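Single-structure report; data block below.
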Amino acid sequence: MGPAEVYHYLVQEISDPRVADWPMMASPFPVLLILLAYLLFILHIGPRFMRNREPYVLYKFMIIYNVTVAVCSAAVFYGLLTSGFTTKLSWGCEPVDYSSNPEAISMARWVWWILLLKMAELGDTVIFVLRKKYNQCSFLHIYHHVTTVCLAWIACKYAPGGMWTFIMMPNCLVHVIMYSYYLLACLGPKMQKKLAPLKPYLTMIQLTQFVIMVIHTSQALMPSCEPKMKPLAYIYMTNVLVIFYMFWDFYKKAYLSKKSV
């Protein structure tokens, strides 16, 4: 097959037809353009714009932003949970329901909202740049945000249901905790000092969710489980393992090395 045939096969033939007409789902280009604009801003345009400017304070905006992301993460968790896992879906190998059943459509729509939420979370890095917190714009941070958006689009395009949505729920819970932590940190230096001992635990919670995600997704490697979804399992697990390694490396350098000194 030529490039055009491959594109048609990947984007139209094997994707979920139910989501084809939803915003940003007809092709990968809208999301790719958003990610390109994100990278251009945080790596070039933003730092150049801020070069001779004082850092923006943004405390009020950050409070609103963190509350919004935490609440939306909780709402998406509840939406995913009640779109199948409280009725017929188990924690095991569950195939995607591509029917027009109201519960299946509801699950797909919540996966689409996950994509929007992950795109909104790109605002983390924009805030770092506008506050001149360039040390927080690490490769780990940027890679994690970009790949999460890509994986959210892939999930919505090809597998917005079944076992593939279970792994999104611990992520939502972790983000409720994380953005609640960030919200409290916005309240000033005194609160930040009180929160400082909790930082290592925040990273450990993130590492734990990656382990849960890999263990659960590994079910898809069994011959009898989701035979057509093996490539998705490999893509997802490889990315999670890479991110786990980077988070673990960060944890060792940031916290374990300090204990040994």
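Values below: all heavy atoms of this structure, side chains included; hydrogens, waters and symmetry mates excluded. Bear in mind the structure is a predicted one, so any value in this text is a computation, not a measurement.
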TODO: Could you walk me through whether Tyr251 and Trp248 pass the ring-ring contact (aromatic ring centres under 6.0 Å, His included) test, one step at a time?
DONE: CA-CA 5 Å; Tyr251 181 84; Trp248 175 244; 5.5 Å; yes
TODO: Dump the intermediate steps for side-chain contact (heavy atoms from CB on, under 4.5 Å) on Phe244 and Asp249, then the final yes or no.
DONE: CA-CA 8 Å; Phe244 178 91; Asp249 186 61; over 6 Å; no
Task: Stepwise side chain to side chain donor-acceptor pair (under 3.5 Å) test for Tyr65 and Asp124 - done: CA-CA 9 Å; Tyr65 173 79; Asp124 292 359; 2.5 Å; yes
TODO: With ring-ring contact (aromatic ring centres under 6.0 Å, His included) as the test, would you mind laying out the steps for Phe210 and Phe247 before giving the verdict?
DONE: CA-CA 10 Å; Phe210 297 142; Phe247 267 84; 5.2 Å; yes
Open item on the list: Evaluate Lys157 against Asp16 for side-chain contact (heavy atoms from CB on, under 4.5 Å), listing each step before the verdict.
Closed with: CA-CA 6 Å; Lys157 186 68 173 175; Asp16 186 346; over 6 Å; no
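Annotation: side chain of Leu198 is in contact with side chain of Leu195 (closest heavy-atom distance under 4.5 Å). You'll find the side chain of Met222 reaches within 4.5 Å of the side chain of Gln219, heavy atoms only. Within the 4.5 Å cutoff, side-chain heavy atoms of Met163 are placed close to those of Cys225. The side-chain heavy atoms of Val96 and Glu226, taken from C-beta on, include a pair separated by under 4.5 Å. Using a 4.5 Å heavy-atom threshold, the side chains of Val146 and Tyr38 count as touching. At a threshold of 4.5 Å between non-hydrogen side-chain atoms, the residues Tyr78 and Cys172 do not count as touching. Between Ile215 and Val211, some side-chain heavy-atom pair lies under the 4.5 Å cut-off. By the 4.5 Å heavy-atom criterion applied to side chains, Val11 and Pro28 are counted as neighbours.
In this structure, Ser83 contributes its side chain and Leu80 its backbone to no donor-acceptor pair below 3.5 Å. Side chain of Thr165 to main chain of Gly162: a donor-acceptor pair is present (N/O by atom type, distance under 3.5 Å, no hydrogens or angles). Side-chain atoms of Thr217 do not come within 3.5 Å of backbone N or O of Val214 as any donor-acceptor pair. Judged by distance alone, with hydrogens and angles left aside, the side-chain atoms of Lys194 form no donor-acceptor pair with the main-chain N or O of Pro189 at under 3.5 Å. In terms of modelled atom types and a separation under 3.5 Å, the side chain of Arg51 and the main chain of Pro47 share no donor-acceptor contact. Under the 3.5 Å distance criterion, the side-chain polar atoms of Ser73 are matched with a main-chain donor or acceptor of Val69. The backbone N or O of His145 sits nowhere less than 3.5 Å from a side-chain atom of Lys118 that would complete a donor-acceptor pair.
Checking His141 against Thr125 by side-chain atom types alone, a donor-acceptor pair falls below 3.5 Å. When only modelled atom types and interatomic distance are considered, Glu94 and Trp164 share no side-chain donor-acceptor pair under 3.5 Å. For Tyr181 and Asn66, the side-chain atoms include no donor-acceptor pair closer than 3.5 Å. For Tyr143 and Asn239, the side-chain atoms include at least one donor-acceptor pair closer than 3.5 Å.
Using cut-offs of 30° and 60° for the angle between ring planes, the His175 and Tyr179 rings count as tilted. Using the six-membered ring where Trp is involved, Trp153 and Tyr158 have ring planes that are perpendicular, over 60° apart on the 30 and 60° scheme. Using cut-offs of 30° and 60° on the angle between ring planes, the pair Phe166 and Trp91 is tilted.
Here the closest non-hydrogen pair linking Gly92 and His216 is O-NE2, 4.0 Å. Of all the heavy atoms in Arg18 and Ala108, the pair that sits closest is NH2-CB, 4.1 Å.
Atom CG of Leu151 sits about 7.5 Å away from atom CD1 of Ile243, to the nearest 0.5 Å. Rounded to the nearest 0.5 Å, atoms CE (Met246) and CZ (Phe139) are 5.5 Å apart. Within the model, atoms CG of Leu81 and CE of Met107 stand 8.5 Å from one another, a figure rounded to the nearest 0.5 Å. Once rounded to the nearest 0.5 Å, the distance linking CG of Leu10 with CD1 of Ile14 reads 5.0 Å. To the nearest 0.5 angstrom, Gln136 atom CD is 12.0 Å from Ile142 atom CD1. Note that OG1 of Thr68 and CD1 of Ile63 are 11.5 Å apart. Values are rounded to the nearest 0.5 Å.
One hydrophobic cluster, built from ILVMFWY side chains closer than 4.5 Å, cannot hold both Leu33 and Met24; they sit in different ones. Ile114 and Ile105 end up in different hydrophobic clusters when Ile, Leu, Val, Met, Phe, Trp and Tyr side chains are linked at under 4.5 Å. With hydrophobic clusters built from ILVMFWY side chains whose heavy atoms lie under 4.5 angstrom apart, Val111 shares a cluster with Phe85. Residues Ile64 and Val176 are members of separate hydrophobic clusters, defined by side-chain heavy-atom contacts under 4.5 angstrom among Ile, Leu, Val, Met, Phe, Trp and Tyr.
Annotation: cation-pi pair Arg131/Phe128 absent, no NZ/CZ under 6.0 Å from the ring centroid and within 45° of its normal.
More than 12 heavy atoms of other shown residues, nucleotides or ligands fall within 6.0 angstrom of atom CG in Asn135. The environment of CD in Glu54 is sparse: at most 12 heavy-atom neighbours from other residues, nucleotides or ligands sit within 6.0 Å. Around the OH atom of Tyr9, the shell of radius 6.0 Å holds no more than 12 heavy atoms that belong to other residues, nucleotides or ligands. Surrounding OH of Tyr7 are more than 12 heavy atoms belonging to other residues, nucleotides or ligands, all under 6.0 Å away. Enclosure of atom CH2 in Trp22 by more than 12 non-hydrogen atoms of other residues, nucleotides or ligands within 6.0 angstrom is indicated. Within 6.0 Å of NZ on Lys230 lie more than 12 heavy atoms contributed by other residues, nucleotides or ligands.
Contacts of Lys88 classified as salt bridge (charged side-chain N to carboxylate O under 4.0 Å, His left out), with partners at least two apart in sequence or in another chain: Asp97.
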